[in-house]
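Per chain, numbering begins at 1; letters A, B, ... match sequence-line order.
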Amino acid sequence: MVAADPRRRRSDAAVAARSVAVLRAPAPYDLVRTLSCGQAFGWQCEGMSAARVFAGRRVSLRQCGEEITVAGLDDEVALLRLRHYLSVDDPLAEIEATLLKDRVLRTVIPETSGIAILRQDPWECLVSFIISAFNNIPKIELTLGKLADRFGETGQDGLRMFPTAEALAAASPRALRACVLGYRAPYVRAVARLVARGGLDLNEPGLAPYDEARRMLLALPGVGEKVADCVLLFAYGKGEAFPVDVWVKRAVERRYFDGRTAVERRYFDGRTQSERRIREFARERFGRLAGYAQQHLFTYARSRPRRSSGVTAAGARQRTPRSPRSR
DNA sequence: ATTCAGGTGCGAG
DNA sequence: CTCGCACCTGAA
């Protein structure tokens, strides 16, 4: 329910005279965890609050129990978009209850509960994850910010929105380079030109089943298995997607490879498994909830410091100091 | 100064 | 099809 309440105003000058609305987010929904766990870029989170440019406005969110206060969005359409984006209607309690049956997630989810898989804009999500390849988060956000500043349309208050495919297609290679895209610049440019000239309709992957949608994205320059799965999951809502990045790869190898069940053995007969193998394992094991499983594993793996960098000359056999309860 | 960071595209075996 | 390697670039 979107309940606009123009009577409530903050004294803060920056947000004064802005409308305030409330979104209902049933437990265990966790706003900040959802926005800061790495599936979306650019959200500034602090405490129970998060802020970012959304729909051309500076939007501020704050969660209090099962309510999310929205400041900065004035119209219903934008609020509905935000509501959809945040996936506040995903049945998280049910999803987590199901995943809790897994012997590994049983110990992971208590630490990561409340994450929802977002429904981002496909174009922005696609470009963001192309840029994420072999890159680090601060620099990814730096690049995205520069792209918006330089090529984005001007929204309210002079804020820059994420640039359209047309705008990026028209950008010179040199101008793109100035946004510190590095060697990814040609990829972004090529994809922008393709989308801008109608060579790829970004609605299509959303209408196609997972495998077919995946093939469409893999055909794009700069889009490999991992990036394709990220976009399928974070923008198109394809729950079967299980993006395998270095963190998830490590987590799965460590937490499931040592397992004893026949199903796991079938997939894990070696030491280091290929990303494809891990993906297939996850899809069979978690089905439509693979994406949720991935995000919990990813967040959990990243939340704790890498285990002792006991990097000795002979590639120290990684002793896994896992706690007894995780068996 | 060296190394690392949320992969991808390529050539080779 | 799997494997190994180079790769823009800012920050530690």
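- Residue A:Ile137 is classed as a base contact, given a heavy-atom separation below 4.0 Å to a base.
- The CG atom of A:Leu233 sits 18 Å away from the P atom of B:dG6 (whole-angstrom rounding).
- Across the protein-nucleic acid pair, A:Arg250 atom CZ and B:dG6 atom P stand 9 Å apart, rounded to whole Å.
- Within the 4.0 angstrom heavy-atom criterion, no nucleotide atom of any strand lies near A:Pro243.
- Using modelled atom types, one finds no donor on one side chain facing an acceptor on the other under 3.5 Å when comparing A:Asp89 with A:Tyr29.
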Protein within reach of the bases, or only the backbone? For nucleotides 7-12 of chain C, mark each nucleotide 5' to 3' as B, S or -, using heavy atoms under 4.0 Å.
BBBB--

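- Counting non-hydrogen atoms under 4.0 angstrom, A:Ile131 reaches nothing in the nucleic acid.
- If you check every strand for non-hydrogen atoms under 4.0 Å, A:Phe298 touches a base.
- Remark on DNA chain B: of its neighbouring residues A:Tyr187 and A:Cys230, the 5'-side contact belongs to A:Cys230, judged by nearest-heavy-atom nucleotide.
- Ring pair A:Phe234/A:Phe41: centre-to-centre distance not below 6.0 Å.
- Ring geometry for A:Trp43 versus A:Tyr85: interplanar angle of 30 to 60°, hence tilted.
- Taking atom CD on A:Glu275 and atom C1' on C:dC1, their separation rounds to 14 Å, with Å as the unit.
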Measure all distances between protein nitrogen or oxygen atoms and nitrogen or oxygen atoms of nucleotides 10-13 of chain B, and list the pairs falling under 3.5 Å.
none

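- As a whole-Å value, the separation of A:Ile130 CD1 from B:dG6 C1' is 15 Å.
- Relative ring orientation between A:Phe242 and A:Phe286 is described as parallel, the plane-to-plane angle staying below 30° on a 0-90° scale split at 30° and 60°.
- Within the nucleic acid shown, A:Gly222 comes within 4.0 Å of sugar-phosphate atoms alone, with no base atom in reach, counting heavy atoms only.
- Atom CG in A:Leu297 sits about 15 Å away from atom C1' in B:dG6, given to the nearest Å.
- With P as the reference atom, C:dG10 and B:dT8 are 22 Å apart, rounded to whole Å.
- In summary, the side chains of A:Glu111 and A:Ser303 do not present any donor paired with an acceptor at a separation below 3.5 Å, with no hydrogens or angles considered.
- Rounded to whole Å, the P atom of B:dG6 lies 23 Å from the corresponding atom of C:dC3.
- The pair A:Arg214-A:Asp229 meets the salt-bridge criterion, with a side-chain N (NZ, NE, NH1 or NH2) lying under 4.0 Å from an Asp/Glu carboxylate O.
- Regarding A:Leu126, its CG atom lies at a distance of 12 Å from the P atom of B:dT8, rounded to whole Å.
- Here A:Glu153 contributes atom CD and A:Arg160 contributes atom CZ; the two are 9.5 Å apart, rounded to the nearest 0.5 Å.
- Between A:Asp75 and A:Arg57 there is a salt bridge, with a side-chain nitrogen of the basic residue lying less than 4.0 Å from a carboxylate oxygen of the acidic one.
- At the heavy-atom level, A:Val223 lies under 4.0 Å from the strands shown only through sugar-phosphate atoms.
- A:Val252 and A:Leu233 fall within the same hydrophobic cluster, where Ile, Leu, Val, Met, Phe, Trp and Tyr residues are linked whenever their side-chain heavy atoms come under 4.5 Å apart, directly or through other members.
- One atom, CD of A:Gln295, and another, P of B:dG6, lie 14 Å apart when rounded to the nearest Å.
- When each of A:Arg277, A:Arg279, A:Lys249 is tested with A:Glu225 by the rule salt bridge (charged side-chain N to carboxylate O under 4.0 Å, His left out), just one qualifies, namely A:Arg279.
- The CG-C1' distance, from A:Leu218 to B:dG9, rounds to 13 Å in whole Å.
- Shown here, B:dG6 forms no base pair; nothing in the strands shown gives a Watson-Crick or G-U wobble contact with both key distances under 3.5 Å.
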